[in-house]
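Please read all numbers here as calculations on a predicted model, not as lab measurements.
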Amino acid sequence: MTRRRRGGWRASATLLLLLLLAGLLQAPSCSPVEALDNQCPVECSCLGNSVICKDLQLVGAPNGLPPWTENLILKGNNFANLEFNALLNLPKLQELDVNSNVLADNFTLSLSPETQLKWLKVNKNRLTRIPELTLPHLTHLSLAHNMINAIGGSALTHYPELQVLDLSGNKIASVKSGSFAPSKLKSLILNSNQISSIESSSFENLTSLQELRLNKNRLNSLKDYLKKLDKLRILEVNRNELRQIDALTFRELKSLEKLRLKRNNIKLLNAGAFLSNLTELQLDFNAIEVVTKGALFGLNRLQVFTLSHNRISTIESEAWDMCKDIIELDLSHNVLNRIERSTFSSLRNLRKLQLNYNVITYISDGAFKDLSGLQVLELNSNKISYIVEDAIGTFISLTQLQKLGIAHNQIKSIHKNAFNGLTQVTELDLTGNNVTSIQENAFSPMASTLITLKMNTSALFCDCGLQWLSVWLRSKRYSETRVKCGYPHWLRGKPLTQLHHANFTCDEFPKPRIVEEPKSQLSIKGRNVTLKCRATSTADAPLIFTWKHDNLELRDRTLQMDSEPVFSDGITLASSVLNLVNVTNADAGKYQCMVSNNYGTTYSGKAKISVQVYPSFTKKPHDIRVAAGSTARLECSAEGLPSPQIAWQKDGGNDFPAARERRMHKMPTDDVLFIINVKTADSGVYSCTAQNLAGIITANATLTILETPSFVKPMENKEVIAGGSIVMECMASGSPRPQLSWRKNGSPLQATERHFFTAENQLLIIVNTVPSDAGTYECEMINSLGNETGASLLTIKAAPTSVVNEDDMLGLIIITVVCCAVGTSIVWVVIIYQTRRRLNAAQNTSSRQSLKIIASALPEPETHLYLDTSSQHSKDSGTGDSTNPSNDQLQLCLPGEVVTCAVSNDDDTGNVEGEDPLLRYTNHERQHRFDQLHHDYKAITSQEQSEPFDVEQQANC
């Protein structure tokens, strides 16, 4: 009886529904006269103002099309033409669908003059070109999936109001210039053609175009053909052959908002490639490896950015600085393995972040600190179990997060503080993790908001520590939470929510317990470090040790098991030793031992290893040469651990003339030592030292001050008695060392048997002077910084007469012979002394001055004739003063073996005649003889000052 009533009710309901449908399909109310014309054609169906005559294999128009028809669907018939009288009676027709017929290029369409057809769909026919139908009100024309191979320039003139043109699925290979006449076209769809080239002016007449779709073609570049599209808002070039996006490609598209370049082969994002006002950019399914800062330049309005299914392994620091307004970022299905602290530092407006399906093993502390407004975070299918098991506070700043996905991350246990900060989460996905233990109140931060908890595990260790979860789940009744016990064996497979409180005991601890943790240590670079970890468990399952360095699992270090695991009295004991050999600064950081078995994972505390690294220079000072008065710049920096301190020395000490005069500048954090307005005193060897606890290193650099040539003392006019010898001085200073050249009366002066140069051309020596030697002698000194010229006037006086008595002459001859035999300059000095004593005291003083010799002009032995201020080890004051004695302060006669001695006496008899022995020596030998003579003279002179000169004793020697 009940079944019959139910069946009758269903039949009545079906009948009522059919009646209602019949009423809906009827035409609007009409008079009895018009009733026949307003009926829906028998072979068609009607719905509202639409007449549907599809898939009827008709070759002609259906009979009795009602005049109220607005939408006529003739899809799936065999129409070769549309010249039907029936269409002339449809004044309200606005949309005509003749898809999937056999219409060819010559088909025609007959419509009433009153008809304002706006939509025409001629998809899947046999057209090879755009039909030229006169439809002045048409706004949408769809010609997809025909055989059109070209776009005629005049075709669109027949549709002056056309706004949407769909030519997808044809055989267009290229778009030529002039393909489109001026029109009001707003949307152009060219998907699924064979387009490989578009000429630059192809779209220039489409000034109103807002949407351009070029998906599934063969384009390999985006070039000038986009520049004229000022109003373009949407551009799609998915599934083409693009490899890179050139800089400034979209710069002129001021209105562009959405750009979709998915499924190309783009590998590199050039700087400034997307400079535009984009709000949405899709680059999914490409080959991008790095997200660079420059590539996102100008995208300050970007809100949606999708980069899924690429090969991204690196995100450059500050990459998002140019697009801080991103709301949704999709980086899923890439190869990211690290999330650094600065990876997302600029994305303060981000609401949705997808990082699922990467290989992330490390997330830095505070990596999400700037994402306080984030609402959705997807981290599924990575390797980040430790952020939940060890509770490092990764999520603590995500106070607005509503959905968190950490499915398939090999999570075995959940720490009680794992979800701190997540006070707004409504959905948590933990599926795909075979969780064994969950600490009490692990979900408490989100207890009041959590609506969906997705978790499926059958490995829970159902001891007394898990009783809280059973009670909590029964009170919440999450439909997608399926958790079962895996231990102890008598509860295996039972749902956690069905256990009685008596089932939860704590007699065993199968999950590992760490009894010895690694300890922090201090080491020197190059030494070895050993860390040890010991753990126990009541299960006989093997204990697996894993070591981590700064939260990254170690795979390239020597792991040594201290001994085989021991199972005794129901307890398994095992240990692991980590040997760090020849540690470097890269080994410094925090080390952690992780012990796991089938029942869970336990983490040790983190041991800090500090490695002191010997300093090494990153910038060494180099020898520099600077002009006096300019600024010297010495660079020096070093690295090490701890960071080394940098110090400077000059010439091995701390005496810096520039520092005393406040011309030296060095900032504590700067690598550069500046010396401004350098002087000669600043030249020397500068030493940079870098020192830390591990050691000290030093690098040297020489600072050379370059000076223009100058005279140490001005050149002086000289006069000499004919036949005598004279030294012309040109005492030079400058750096680089200047080259000296002499001129006489404006003509270059060359060395002769009487004229020769010494002391690097600073001294011009003239022996046996003759009247023709008189004149102006110029000395020019030249270096790379300039030149300087000085002059001396040499006057030759006639030789005075002198008289020597017989006794004195005889004594002079005897002493001269003895001195020549001995051949030493000391005896010649004795001769001079005897000659002075025996000469008449009343003799004119000027006659004795003729006995001057070349050595009288020589400087002190300690002072070089050439003052080279560029010496690396000079510690002079840099004044360039000379202590050379003047010519008038020294009188000495050279031995005849060097030059002919001009001897004067009271009667001024003149010079001793004879061959000049000086010609027998080379220039080098001459210089050597002069130097020896000068040395001997100084020794004797100093002795004269301290004790009487014993002539006889010297003669006996």
Side-chain angles (χ1 to χ4, degrees), residues 627 706-799 852-859 863-870 880 882 884 886-887 894 898-900 902 915-931 933-934:
L706 303 179
E707 294 182 303
T708 57
S710 62
F711 286 94
V712 174
K713 66 177 183 178
M715 294 183 66
E716 301 174 349
N717 294 335
K718 299 291 183 74
E719 61 180 39
V720 66
I721 298 174
S725 300
I726 188 66
V727 176
M728 309 292 288
E729 298 176 346
C730 180
M731 308 301 291
S733 174
S735 178
R737 178 177 299 179
Q739 299 296 320
L740 276 60
S741 60
W742 289 81
R743 294 189 295 271
K744 177 187 176 186
N745 296 331
S747 299
L749 184 62
Q750 303 294 333
T752 67
E753 59 185 13
R754 294 189 306 103
H755 302 76
F756 58 93
F757 304 98
T758 186
E760 297 183 344
N761 288 359
Q762 294 183 98
L763 298 181
L764 168 60
I765 303 174
I766 307 175
V767 298
N768 296 334
T769 55
V770 296
S772 61
D773 291 328
T776 300
Y777 288 80
E778 294 179 335
C779 174
E780 182 179 17
M781 53 187 72
I782 301 174
N783 69 6
S784 59
L785 301 181
N787 64 326
E788 184 73 17
T789 302
S792 293
L793 178 62
L794 177 60
T795 304
I796 307 297
K797 291 185 176 182
K852 293 181 179 178
I853 66 166
I854 300 165
S856 65
L858 294 176
T863 305
H864 295 288
L865 290 177
Y866 172 74
L867 299 182
D868 185 359
T869 60
S870 65
S882 174
N884 296 339
S886 69
N887 295 337
L894 292 174
V898 180
V899 295
T900 302
E915 181 185 2
D916 186 358
L918 187 64
L919 299 177
R920 301 197 303 269
Y921 297 97
T922 65
N923 287 341
H924 176 72
E925 291 170 337
R926 293 171 187 164
Q927 181 63 39
H928 175 69
R929 296 294 295 168
F930 278 131
D931 292 344
L933 177 61
H934 184 275

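Formation of a donor-acceptor pair under 3.5 Å by the Arg743 side chain with backbone atoms of Glu778 is not found in this model. In terms of modelled atom types and a separation under 3.5 Å, the side chain of Asn745 and the main chain of Gly775 share no donor-acceptor contact. Panel note: side chain Thr769, backbone Gly723; a donor-acceptor pair is recorded below 3.5 Å. Between the side chain of Ser792 and the backbone N or O of Glu716, at least one donor-acceptor pair lies under 3.5 Å. In this structure, Asn783 contributes its side chain and Glu707 its backbone to a donor-acceptor pair below 3.5 Å.
Inter-residue side-chain proximity for Trp742 and Met728 is flagged as met; some heavy-atom pair is nearer than 4.5 Å. Residues Leu706 and Pro736 meet the side-chain proximity criterion, which asks for heavy atoms closer than 4.5 Å. Between His755 and Asp773, some side-chain heavy-atom pair lies under the 4.5 Å cut-off.
Here the closest non-hydrogen pair linking Glu760 and Leu740 is O-CD2, 4.2 Å. Between Ala732 and Gln762 the shortest heavy-atom distance is N-OE1, 3.0 Å. Between Phe711 and Cys730, the closest heavy-atom pair is CE2-SG, 3.6 Å. Closest approach of Gln750 and Phe757 over heavy atoms only: C-CE1, 4.3 Å. Between Met781 and Pro709, the shortest heavy-atom distance links the atoms CG-CB, 3.4 Å.
Rounding to the nearest 0.5 Å places CD1 of Ile796 at 8.5 Å from OG of Ser772. Atom CG of Asn787 is separated from atom CD of Gln739 by 13.0 Å, given to the nearest 0.5 angstrom.
Screening Val727, Val720, Ile726 for a side chain to side chain contact (heavy atoms under 4.5 Å, CB included) with Ile766, the sole residue that qualifies is Ile726.
For Lys797, the NZ atom counts as loosely surrounded, since its 6.0 Å shell holds 12 or fewer non-hydrogen atoms of other residues, nucleotides or ligands. By the neighbour-count criterion of 12 heavy atoms within 6.0 Å, atom CD of Glu780 is densely surrounded, having more than that number from other residues, nucleotides or ligands.
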